[in-house]
Peer 1: 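Sharing a structure, written as structure tokens. Questions coming.
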There are 2 protein chains.
Amino acid sequence: MYTLAEENYIKTIFHLQQTINGAVSTNAIADSMDTKASSATDMVQKLADKKVLSYVKYKGAQLTEKGKKIATKIVRKHRLWEVFLVDKLGFHWDEVHEIAEQLEHIHSTELIKRLDSFLGNPTFDPHGDPIPDELGNFIKTEKKLLSQLNKSQFGVCVGVKESSPEYLQYLDKKNISIGTKINVLGKEFFDGSMVIEVGRDQFFVSKKIADNLYVQTA
Amino acid sequence: MYTLAEENYIKTIFHLQQTINGAVSTNAIADSMDTKASSATDMVQKLADKKVLSYVKYKGAQLTEKGKKIATKIVRKHRLWEVFLVDKLGFHWDEVHEIAEQLEHIHSTELIKRLDSFLGNPTFDPHGDPIPDELGNFIKTEKKLLSQLNKSQFGVCVGVKESSPEYLQYLDKKNISIGTKINVLGKEFFDGSMVIEVGRDQFFVSKKIADNLYVQTA
DNA sequence: TATAATTTTTAGTCTAAGCTAAAAATTAGT
DNA sequence: ACTAATTTTTAGCTTAGACTAAAAATTATA
Ligand SMILES: [Mn+2]
Ligand SMILES: [Mn+2]
Ligand SMILES: [Mn+2]
Ligand SMILES: [Mn+2]
């Protein structure tokens with residue numbers, strides 16, 4: 001059994017590994033967790049002792065198979081609870097992260113098994129992120145960032161990269177959610193900004209907006 | 001905001017206060033929490049500083065209004081989650097305590113508000129214990145222990161005093177659950193044991209069994 | 001009521017997890 | 001290839017919460 005702090009570190013390292021491929025630095029961990037590098041180093045050393053990750057001084061950490069399995073379970077729990085909060089309790093997609101951050105640490109395999117089937121074995125969470133199965137397998141989908149599309153192309157929103165309340169609320173305001181079709185009417189190559197069409201609305205989006213929305217083409 | 005440890009102490013003291021009226025001793029707290037008296041003393045001193053309880057050295061602790069309010073919220077959460085686990089996820093009443101023990105510490109008033117209405121604003125948990133409302137008010141019901149009944153009297157099971165898996169599983173085996181009618185066919189005054197009738201079954205129960213079952217008469 | 005038994009508190013350690021400041025290693029700039 | 005800047009680790013403190021052993025207070029007993 002792992003402590004709350006250990007679980008949060010493991011999950012963070014797992015997520016950092018997806019982006020940055022290879023070993024993840026203690027500084028990256030600390031930044032991502034709003035803590036200090038020295039604290040991250042301490043924890044990484046402890047987790048290395050427990051064989052949850054491999055760690056080479058000054059070179060960073062990498063989860064072992066054991067570590068990945070632990071991380072996957074936490075991610076599964078987090079996303080299942082998010083589905084529960086949205087589908088069953090009627091929360092909005094921008095309100096669930098904080099609560100799921102707590103619920104993901106409840107220890108009970110039976111609970112998760114039952115929750116999963118109560119929810120109808122969902123495969124994606126409310127933000128479009130895949131929910132790993134009991135064995136830890138993620139559904140791999142080929143998706144692009146909206147910012148990768150060019151003029152006259154279109155895509156269907158399948159997820160968000162950033163899921164801060166601020167960003168999600170912006171999307172709500174623009175009526176963009178999972179399943180929304182987006183047409184790229186124009187793209188400015190100087191700053192990467194775009195003019196897009198959503199339903200009957202046409203409006204401008206900055207590169208930062210377009211960089212955080214996943215779409216599926218074809 | 002209170003820590004996990006603080007919340008567990010507060011809840012325990014609240015429950016001890018119901019039984020033992022007046023101040024509760026640090027030893028009683030320690031016993032009830034499977035910890036040492038010295039640890040209980042430390043925590044009680046800390047909680048006294050925070051005005052959660054009043055404490056007189058060698059005389060014990062008593063929750064303040066503030067403390068009672070905190071305790072009530074935790075009890076409310078615990079019992080609502082138990083209803084969720086049984087009614088929605090299909091857990092058995094002897095399996096939910098451990099999990100609710102964790103879930104009761106999730107911090108989010110909005111979550112509890114929504115959970116409550118999702119469950120249909122239940123007033124009793126799966127063990128027959130009353131669920132306090134948002135203001136902390138408990139429904140007062142006059143109930144007796146089965147052991148208080150005499151020969152030829154009967155009662156309807158409305159709750160359990162003890163809710164260990166062992167006891168609950170015993171009741172299951174005898175087909176006793178909330179709502180079950182129990183007739184007292186005989187009572188031995190030497191040891192308090194009884195012969196009772198449940199449905200078509202007639203069997204012997206010890207005083208210990210009868211001492212932990214709440215019934216409603218009339 | 002004096003002594004013995006019991007309960008409760010205090011003093012001193014320990015571990016987990018955080019922090020700051022300083023030291024060491026790595027990377028970058030000239 | 002050397003400094004200089006940056007990153008990362010170490011050393012040393014802090015707090016929460018637990019424990020053991022000893023001291024102090026309370027309660028029971030003769
Ligand atoms: Mn978390
Ligand atoms: Mn999510
Ligand atoms: Mn608890
Ligand atoms: Mn209960």
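First the proteins, then the strands, lettered A, B, ... as listed; each starts at 1.
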Peer 1: Using the ring of Phe84(B) (Phe, Tyr or Trp, six-membered ring only), decide whether Lys88(A) places NZ or CZ under 6.0 Å from its centre and within 45 degrees of its axis.
Peer 2: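 No - Lys88(A) does not lie over the ring of Phe84(B) by the 6.0 Å and 45° rule.
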Peer 1: To the nearest angstrom, how far is Lys50(B) atom NZ from dT15(D) atom P?
Peer 2: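 Interatomic distance, NZ of Lys50(B) to P of dT15(D): 13 Å.
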Peer 1: Are OP1 or OP2 of dA18(D) and a side-chain N or O of Tyr9(B) less than 4.0 angstrom apart?
Peer 2: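 Yes, such a contact exists.
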Peer 1: What's the closest nucleotide to the Thr41(B) side chain, out of dC19(D), dA25(D), dT10(C)?
Peer 2: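 Out of dC19(D), dA25(D), dT10(C), the nucleotide with an atom closest to Thr41(B)'s side chain is dT10(C).
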Peer 1: Kindly indicate whether the side chain of Ser38(B) and the base of dT20(D) share any N or O donor-acceptor pair separated by less than 3.5 Å?
Peer 2: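 For Ser38(B), whose side chain was compared with the base of dT20(D), there is a donor-acceptor pair (under 3.5 Å).
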Peer 1: Hey, is Glu110(B) close enough to Arg114(B) for a salt bridge, meaning N to O under 4.0 Å?
Peer 2: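 Yes, Glu110(B) and Arg114(B) are salt-bridged.
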Peer 1: Salt-bridge test for Glu7(A) and Lys73(A): reply yes if a basic N is under 4.0 Å from a carboxylate O, no otherwise.
Peer 2: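 Salt bridge between Glu7(A) and Lys73(A), a charged N being under 4.0 Å from a carboxylate O: no.
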Peer 1: I'd like to know if Thr26(A) reaches the base of dT9(D) with its side chain, counting only an N/O donor and acceptor under 3.5 Å.
Peer 2: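 In this structure, the two groups form no donor-acceptor pair.
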Peer 1: Could you tell me how far apart Asp34(A) (CG) and dC19(C) (C1') are, to the nearest whole angstrom?
Peer 2: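 Rounded to whole Å, this separation is 14 Å.
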Peer 1: Angle class for the Trp81(A)/Trp81(B) ring planes (parallel below 30°, perpendicular above 60°, tilted otherwise)?
Peer 2: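 Because their plane-to-plane angle is over 60°, the rings of Trp81(A) and Trp81(B) count as perpendicular.
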Peer 1: Once you round it to whole Å, what is the distance between C1' of dT8(C) and CD of Gln45(B)?
Peer 2: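 So the CD-C1' distance, Gln45(B) to dT8(C), works out to 10 Å.
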Peer 1: Round to the nearest Å and state the distance from Leu4(B) atom CG to dA18(D) atom C1'.
Peer 2: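 Whole-Å distance recorded here is 14 Å.
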Peer 1: Tell me: CE of Met1(A) to P of dA16(C), nearest whole Å?
Peer 2: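 After rounding, the gap between these two atoms is 16 Å.
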Peer 1: Return the nearest nucleotide to the side chain of Tyr58(B); candidates are dA18(D), dA16(C), dT9(C).
Peer 2: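 For Tyr58(B), the side-chain atoms sit closest to dT9(C).
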Peer 1: Within this structure, what is the CD1-to-P distance between Ile29(A) and dG18(C), rounded to whole angstrom?
Peer 2: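 After rounding, the reported distance stands at 12 Å.
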Peer 1: Send over the distance from Lys59(B) NZ to dA24(D) C1', rounded to a whole Å.
Peer 2: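 Those two atoms, NZ and C1', are 15 Å apart.
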Peer 1: Tell me whether the OP1 or OP2 atom of dT8(C) has a side-chain N or O from Asn27(B) closer than 4.0 Å.
Peer 2: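 Result: yes.
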Peer 1: Taking only N and O in the side chain of Ser39(A), is any of them less than 4.0 Å away from OP1 or OP2 of dG18(C)?
Peer 2: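 Negative; the distance criterion is not met.
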Peer 1: Any side-chain to backbone donor/acceptor pair from Thr64(A) onto Val52(A)? Under 3.5 Å, distance only.
Peer 2: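 Judged by distance alone, yes, a pair lies under 3.5 Å.
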Peer 1: Assign each of Lys57(A) and Glu6(A) to its nearest nucleotide of DNA chain C by heavy atoms, then name whichever residue's nucleotide is nearer the 5' end.
Peer 2: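 Its nearest nucleotide lies further toward 5', so the answer is Glu6(A).
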Peer 1: Looking at every strand, decide which applies to Ala37(A) at a 4.0 Å heavy-atom threshold: base, sugar-phosphate, or nothing.
Peer 2: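 Base, at least one base heavy atom under 4.0 Å.
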Peer 1: Which of these nucleotides, dA16(D), dT20(D), dA18(D), is closest to any side-chain atom of Asp42(B)?
Peer 2: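 Given the options dA16(D), dT20(D), dA18(D), the side chain of Asp42(B) is closest to dA18(D).
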Peer 1: Between dA18(D), dC19(D), dA24(D), spot the one nearest the side chain of Lys36(B), thanks.
Peer 2: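 So the nucleotide nearest the side chain must be dC19(D).
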